[in-house]
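Inspection log for the structure reproduced underneath, given as structure tokens.
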Number of protein chains: 2
Amino acid sequence: MKYITIKDIAKKLNTSVSTVSRAFNDKSDISAKTKELVLKTAKEMGYRQNRMAKNLVQKRTYNIGIVVPEFVNSFFPEVIMGAQEVLFKKGYQVLITQSNECYTTELKNVQSLENSMVDGLLISLSSETDNIDYYQDLVNSGFPIIFFNRTYKEIKASKVLFNDYKWAMFATEHLIRQGYKNIYHLQGIKSLTLSKERRRGFVDAHKKHKLTYDKSQVITSGFHMEDGEKIAAQLIENNTIPDAIFAANDQLAMGAMSVFKKHGFKVPKDIAFVGFSESKMGSMVEPPLSSVKQPTFEIGKQAAKLLLDQIEAGTKHTPQTVKLDGELHIRESSLKK
Amino acid sequence: MKYITIKDIAKKLNTSVSTVSRAFNDKSDISAKTKELVLKTAKEMGYRQNRMAKNLVQKRTYNIGIVVPEFVNSFFPEVIMGAQEVLFKKGYQVLITQSNECYTTELKNVQSLENSMVDGLLISLSSETDNIDYYQDLVNSGFPIIFFNRTYKEIKASKVLFNDYKWAMFATEHLIRQGYKNIYHLQGIKSLTLSKERRRGFVDAHKKHKLTYDKSQVITSGFHMEDGEKIAAQLIENNTIPDAIFAANDQLAMGAMSVFKKHGFKVPKDIAFVGFSESKMGSMVEPPLSSVKQPTFEIGKQAAKLLLDQIEAGTKHTPQTVKLDGELHIRESSLKK
DNA sequence: TTGTATGCGTTATCAT
DNA sequence: ATGATAACGCATACAA
């Protein structure tokens with residue numbers, strides 16, 4: 001397939017490439033007549049601009065890359081939509097890339113985008129990622145990049161985070177106030193900062209209300225529904241039945257809840273559940289699941305804004321951290337009547 | 001931020017750019033010693049390859065673009081994962097783009113990717129898209145592109161489709177066999193081929209079983225849960241109560257089901273439900289929703305394979321259509337006991 | 001307003 | 001095995 005270039009157009013019109021180029025770039029120094037003519041013949045000839053060449057000379061792509069670990073849950077898709085809203089408005093294109101919770105893929109994605117494909121990066125790390133050297137180097141080299149949601153405390157860069165500690169504490173306190181006393185926490189993957197923060201909120205709520213708390217009440221696993229199911233099955237087998245469960249996400253909560261229900265436990269009479277990062281599914285199950293709602297859309301918007309600021313500021317920007325708040329949506333799964 | 005180029009490396013090493021270039025491209029005609037030296041100093045200097053320049057001269061990007069209308073449902077994410085699996089294996093990167101069901105955005109996405117960002121495109125059209133001229137032109141120009149799932153009959157290009165007709169018919173027949181006689185069909189957005197096909201399956205199942213069928217039994221709307229809710233509310237208000245509903249997707253089915261339940265109807269005793277494109281959520285609601293499972297992962301794989309074949313074949317490929325089959329998962333929502 | 005010439009960072013061709 | 005140089009398609013400084 002043969003590409004039409006501005007050279008071809010210039011030749012056909014007996015003009016120069018600069019004139020043609022000017023026509024496409026809304027420059028002032030070109031007569032309306034020639035401009036129109038160029039645009040018309042370009043269309044006729046089936047011309048399509050070569051972005052590679054353009055980006056090469058301009059050293060800008062007007063592309064922004066987003067790297068997320070998954071999008072089976074609606075969390076990341078919603079964040080992306082938020083980011084797209086502000087980026088589109090500023091004339092940026094958005095290239096999304098998915099690491100499938102795999103560090104190697106994530107790194108490949110980042111490298112591929114970073115190598116002059118995009119002007120900046122929005123990234124949420126995979127659950128597998130435990131080496132942040134590469135990212136820190138990238139940041140230090142001056143590449144515009146914002147970390148959101150899943151990141152590490154140690155990384156010195158701009159971040160958009162949710163106040164996990166505060167809302168985990170609120171969620172736990174809600175259970176305590178409802179009279180639950182033997183509350184377990186499914187914390188998901190241990191190493192992530194957000195898991196640590198949610199766990200800290202859980203523990204501190206116990207301290208604040210002078211409730212005894214034992215380490216065995218916090219259970220580590222993956223983040224999927226199946227993990228929740230397994231944990232519930234194990235608890236039942238061991239006959240250690242909590243009277244409430246606070247999970248680090250809705251998937252875990254729903255997985256566990258379904259197994260307990262299957263074994264004849266009544267929710268929330270026998271055992272209550274609270275999830276995190278409210279999912280649509282959570283409000284559809286029986287009984288509807290209480291959960292902490294994160295401002296997904298807003299996270300995306302804030303991250304995008306921070307990124308654009310950083311691109312604008314060049315090297316002289318200073319890392320910033322935005323911490324957002326949410327809401328605790330209380331539903332039947334944790335409401336003692 | 002200053003970019004390090006192969007020129008800089010060459011200068012530092014007192015060698016030529018060609019030598020440096022060779023070091024990075026696993027060429028045979030370079031001594032192991034110089035190669036190692038180049039790679040080492042490149043790393044020290046913080047060199048990162050400029051893909052724009054490379055792609056410009058090679059006229060290849062080893063990127064594949066995927067354009068989807070949304071990823072709030074798990075359908076498209078799963079398709080993407082399937083596509084990624086085969087694409088990654090062949091050394092391709094995947095750039096995803098989301099149109100948010102908006103034709104203008106979709107077009108922007110395609111144009112941005114098409115302009116030398118990617119070697120080929122996998123696309124599923126937005127529900128708003130009703131003008132296919134641009135796409136047909138693109139295909140005719142020889143650009144490698146595969147349409148999947150949401151497309152138009154009229155487009156002459158390679159496609160990966162689900163056998164919507166057959167499985168809509170099976171789903172309807174299942175309801176008929178269960179003894180339901182007054183079945184309504186929520187068809188979602190009317191204009192899409194898949195909607196037409198599912199509707200045709202619904203109608204033909206009635207014909208086959210010599211059941212009377214009236215046009216009012218097919219209801220058009222959007223594809224969201226809220227649409228299902230509205231339709232159900234309307235039906236209840238009009239006191240036209242079907243004894244079964246076959247919806248074009250799970251969202252519609254669940255939306256309608258929740259409203260009927262809220263109004264005291266028993267599922268499936270008073271009214272049965274069957275969805276389409278099985279979602280995880282569907283199996284979590286009460287009662288679990290019967291649905292047609294599409295081979296999402298396989299759709300992605302097939303589309304990717306077709307695309308790679310097309311890129312390989314160049315201009316002399318012929319359009320191909322792959323039609324895939326699925327399964328009908330029968331659950332409580334449509335099981336008369 | 002238009003044309004000429006140069007460079008963006010890389011690979012590829014052709015010498016050496 | 002290595003080096004010089006011409007592309008790739010475009011934008012732009014400068015000249016006209």
Side-chain angles (χ1 to χ4, degrees), chain A residues 1-39 41-42 45-63 111-112 114-119 141 143, chain B residues 1-39 41-42 45-63 111-112 114-119 141 143:
Chain A
M1 126 192 181
K2 165 80 177 104
Y3 282 102
I4 310 289
T5 72
I6 52 172
K7 242 186 202 164
D8 300 322
I9 304 178
K11 202 178 288 173
K12 182 153 196 169
L13 257 43
N14 262 325
T15 177
S16 71
V17 287
S18 25
T19 304
V20 177
S21 171
R22 275 187 271 260
F24 288 116
N25 291 284
D26 275 330
K27 296 285 175 184
S28 50
D29 52 352
I30 184 171
S31 73
K33 211 177 108 193
T34 21
K35 182 170 170 179
E36 201 182 339
L37 182 65
V38 170
L39 260 34
T41 40
M45 298 175 73
Y47 169 75
R48 278 180 292 154
Q49 189 182 55
N50 186 322
R51 287 290 294 233
M52 294 292 157
K54 181 175 183 147
N55 295 341
L56 180 59
V57 46
Q58 300 203 141
K59 292 171 180 260
R60 281 206 79 148
T61 65
Y62 279 98
N63 287 151
Q111 287 172 339
S112 147
E114 160 212 340
N115 285 332
S116 21
M117 293 286 292
V118 298
D119 297 342
S141 83
F143 192 83
Chain B
M1 135 188 172
K2 164 82 177 96
Y3 282 103
I4 310 289
T5 73
I6 52 171
K7 248 185 200 165
D8 300 321
I9 303 178
K11 200 176 289 174
K12 183 153 193 167
L13 256 42
N14 261 324
T15 178
S16 71
V17 286
S18 353
T19 305
V20 177
S21 173
R22 274 188 270 260
F24 288 117
N25 290 284
D26 276 329
K27 297 283 175 182
S28 50
D29 52 352
I30 184 171
S31 74
K33 211 177 106 192
T34 23
K35 181 171 170 178
E36 201 183 334
L37 182 66
V38 170
L39 260 34
T41 40
M45 297 175 71
Y47 168 75
R48 280 180 293 157
Q49 188 183 55
N50 186 322
R51 288 290 296 236
M52 294 292 154
K54 181 177 179 149
N55 295 341
L56 179 60
V57 46
Q58 298 202 142
K59 293 174 177 259
R60 278 204 83 144
T61 65
Y62 279 98
N63 287 151
Q111 288 172 339
S112 147
E114 160 214 341
N115 283 332
S116 23
M117 293 287 292
V118 298
D119 297 343
S141 84
F143 192 85

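Per chain, numbering begins at 1; letters A, B, ... match sequence-line order. Keep in mind it's a predicted model, so treat the numbers as computed, not measured.
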Take the protein atom [atom1] of [X] and the nucleotide atom [atom2] of [N], then report the distance between them rounded to whole Å.
X       : N       : atom1 : atom2 : value
Y62(B)  : dT11(C) : OH    : P     : 13 Å
N115(A) : dT10(C) : CG    : P     : 10 Å
N50(A)  : dA7(D)  : CG    : P     : 18 Å
N14(A)  : dT2(C)  : CG    : C1'   : 13 Å
D8(A)   : dG9(D)  : CG    : C1'   : 10 Å
K7(B)   : dG9(C)  : NZ    : P     : 7 Å
N55(B)  : dC10(D) : CG    : P     : 15 Å
K11(B)  : dT10(C) : NZ    : P     : 13 Å

Inset, instruction - Would you indicate whether the side-chain heavy atoms of N55(A) and Y62(A) approach each other to under 4.5 Å? - result: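 Not in contact.
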Legend entry - Pairwise side-chain contact, T34(B) with R22(B), heavy-atom cut-off 4.5 Å (strictly under):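 Heavy-atom side-chain distance check fails, nothing below 4.5 Å.
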If you only use heavy atoms from C-beta on, which nucleotide in [options] is closest to the side chain of [X]?
X      : options                  : result
S31(B) : dA1(D), dC10(D), dG9(C)  : dA1(D)
R22(B) : dG3(D), dT2(C), dG3(C)   : dG3(D)
S16(A) : dA11(D), dT4(C), dG3(D)  : dT4(C)
T19(B) : dT2(D), dT10(C), dC10(D) : dT2(D)
N25(B) : dT11(C), dG9(C), dT12(D) : dT11(C)
T5(A)  : dG9(D), dT2(D), dG9(C)   : dG9(D)
V57(A) : dA1(D), dG9(D), dG9(C)   : dG9(D)

Minimal non-hydrogen separation, [X] against [Y], with atom names:
X      : Y      : value
G46(B) : I4(B)  : O-CG1, 4.0 Å
K35(B) : D26(B) : NZ-OD1, 2.8 Å
I9(B)  : T41(B) : CG2-OG1, 4.2 Å

Legend entry - Any donor-acceptor N or O pair under 3.5 Å, side chains K54(A), N25(A):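 Their side chains do contain a donor-acceptor pair, which is all the 3.5 Å distance test asks for.
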Inset, instruction - Using the closest heavy atom to pick a nucleotide of DNA chain D for each, name whichever of V17(A) or Q58(B) lands nearer the 5' end. - result: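 Counting from the 5' end, the first nearest nucleotide belongs to Q58(B).
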By the 4.0 Å heavy-atom rule, please label [X] as base, sugar-phosphate, or nothing.
X       : answer
F24(B)  : nothing
S21(A)  : base
S116(A) : nothing

Closer than 4.0 Å, any side-chain N/O of [X] to the OP1 or OP2 of [N]?
X      : N       : answer
K59(B) : dG9(D)  : yes
T15(A) : dG3(C)  : yes
Y3(A)  : dC10(D) : no
K54(A) : dA11(D) : yes

Legend entry - Of S18(B) and M52(B), the one whose closest DNA chain C nucleotide lies more 5':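 Looking at the nearest nucleotide for each, M52(B) comes out on the 5' side.
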